[in-house]
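Working notes, beginning with the structure itself.
Start at 1 and go down the list; that is how both ligands and their atoms are numbered.
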Amino acid sequence: MHIMRVSVIGGGYVGLVTGACFASRNAEVTIIDCDPKKVAAINRKEPPIYEEGLLEILNDCVGVTLSASHSYDSIPDADLIYICVGTPEGADGSADLSYIRQAVTDAGRRMQESRKYQVLVVKSTVPPGTVQNIVKPAVLAASGKREEEIGFGMNPEFLREGRAVHDFLNPDRIVLGADGDDAYSRMASLYESFDVMKIRTSPAAAEMIKYTANAFLATKISFSNEIGNICKQLGLDVYEVMSAVGHDSRIGPLFLNAGAGFGGSCFPKDVMALVHLATAAGVDPIILKAVLAVNENQPGRMIRLLQERCGDLAGKRIAVLGLAFKDNTDDIRESRAIPAIQLLKDAGAYVTAYDPMAATAMSEVFPDIEYCRTAAAALSHADGALIMTEWPEFCTLSEEFSLMRRQIIIDGRHMVTGPGVEGVCW
Ligand code: UGA
C-alpha cells in the first residue's frame, strides 16, 4: 500500500484530531498551524486541547508518522492537503470564510512547486458551493496549475468535542464529496483501513450534508424541549415520553434530552449559517428559525421558574452548577449558562458558580461573580440553584442541597431528584 502524505492546515480540534488519526492509520502527516506554541506542544507530544485518546496517539506517532510545523514546506510533496481552519459566525450570521480563503491561497502558492497530482480537501464546515466556486478558483489562480493537475474534495467531519478521536476512528459513515474520479479514489484510499460505508457525492452535496446533520440534531433537541415545555404544563415527564418515542427505529433514542438547550461552537453557528443561506437563496427557513427561537427561550424559562418560587431575585444568592456547554469539556462557547447568568445578574441576584473544568474560561466573560471550588461551596446558603450542564458528578448531589438557605433547585439537565427539585421541562 502506498503511504499517503497528508498536510493538514489548521491545528484546532478538527485539524489536530484529523491529522493524528490519519497518522495513526499509517499516513505520513504534517499539521500546519500559525501558532508556534501549538506547533511546539504537538511536537513535544503534549495535546494543546483535551481530547480522550489524543495523548496516546501523539505518544505513538509524533516523530514517526506525525509532526507539526508553522511552515507550508510539506505542501509541495503532499498527496492530499486537508483544510481544517475555522469558519466562525460573521457579523450577519453567515459563515466567515476569510480563514479558508487565506489557507487555500497560501497552499495554492506552494502547490505551484509540486510536480505531481494533488488533491485539496476541505474539512471545515462551509456553505454549499464553497469548494467549487471559491476554493477551486483561488487554488488554481495561486498555483498557476491546470484543472487536471489538482483534484478538489469536501469531506465533512461529524466529531463531538471531547469524543472526537473515538468518533473519527469509529464513524457511522464517511462522506466524500469529490469533483472527479481521481479526487474520489485518492480520498477513498486515505480511508482504506476504515471498514465503513463510504458515500460519494459532489463537493456541494457534502457541504450541505454537514449543515443538514447538525441542523437535524439541533432540531431534535429543540423539538424535545418544546414537547417538554408542553409536558410540564400537562404535569407529565418528558423523559418518560421521549424514551418511549425514541424506541421507534424511525426516530431513534439519541439527542432527545430536553432541558436548557444546546450550546457549543457548532450547533448555534451552523443553524444560523443555514438560516442565512436559505434566506439568501429565497427560502424562508421556518423550522430552522423556530429551532433557534426555542433554544434561546429555555434559559429564560429556567429563570422564570426560579422567580416563581424564590420571588424577586434582587439580593438573592443563586448557585449556578455547570458552566461548560456540555460535560467533559472546559469549552463555554454559546453555553446556556451564559444567558442564564446574565439574566440572574440583570435581576440583581448574587451569583455563585461551580464547574469542574470551565470556571477559568467563564471568569473572562463574568469576572464579577463568585467562583467556587466545589458544588457544596456554591450551594452553601444559596436561596436557589440552577443546573446548567450534564456533568455526571451532579447526579450524585443530594446532601449538598441541605446546605442551601432554601432548597429551590431548577434542573436544566435532568440530573437530580429530591426535595425542592423542579425540572425545566418535567
Ligand atoms: C456537534 C455534533 O454532535 C457533531 O456531530 C459535529 O461534528 C460537531 O457539533 C461539529 O459540527 O463540529 P458538539 O458541539 O461537540 O458536536 O456537541 P454535542 O455533544 O453534539 O452537544 C451539543 C449541545 O447540545 C450541548 O450543549 C448539549 O448539552 C446539547 N444537547 C445534546 C442537548 O441539549 N440534548 C441532547 O439530547 C443532546
Quick check: are there more than 12 heavy atoms from other residues, nucleotides or ligands sitting under 6.0 Å from CD of Glu56?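 Counting neighbours around CD of Glu56, more than 12 heavy atoms of other residues, nucleotides or ligands fall under 6.0 Å, so yes.
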Count the heavy atoms of every other residue, nucleotide or ligand shown that sit under 6.0 Å from OH of Tyr50, and state whether that count exceeds 12.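 More than 12 heavy atoms, drawn from other residues, nucleotides or ligands, come within 6.0 Å of this atom.
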Can you pull the salt bridge (Lys or Arg N to Asp or Glu O under 4.0 Å) pairs that have at least one residue in residues 244-260, sequence neighbours excluded?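 Checked against salt bridge (Lys or Arg N to Asp or Glu O under 4.0 Å) - neighbours excluded - the pairs reaching residues 244-260 are Asp248-Arg250.
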Taking non-hydrogen atoms within less than 4.0 Å of ligand 1, which protein residues qualify?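 Residues near ligand 1: Tyr13, Glu157, Phe158, Leu159, Arg160, Glu161, Lys210, Asn214, Ile221, Phe255, Leu256, Asn257, Gly261, Phe262, Gly263, Cys266, Phe267, Asp270, Phe325, Lys326, Glu390, Arg413.
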Please tabulate, one pair per line, all N/O donor-acceptor pairs under 3.5 Å involving side-chain atoms of residues 282-295, not counting sequence neighbours.
unit_1: Asp284; atom_1: OD1; unit_2: Lys289; atom_2: NZ; d: 2.7
unit_1: Asn295; atom_1: OD1; unit_2: Phe262; atom_2: N; d: 2.6
unit_1: Asn295; atom_1: ND2; unit_2: Phe262; atom_2: O; d: 2.9

For Phe158, does the six-membered ring have the charged nitrogen or CZ of Arg173 within the cation-pi criterion, i.e. under 6.0 angstrom from the centroid and within 45° of the normal?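 Yes - Arg173 lies over the ring of Phe158, closer than 6.0 Å to its centre and within 45° of its axis.
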By salt bridge (Lys or Arg N to Asp or Glu O under 4.0 Å) - contacts of Arg317 (at least two apart):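 Once residues adjacent in sequence are excluded, the partners of Arg317 under the salt bridge (Lys or Arg N to Asp or Glu O under 4.0 Å) criterion are Glu370.
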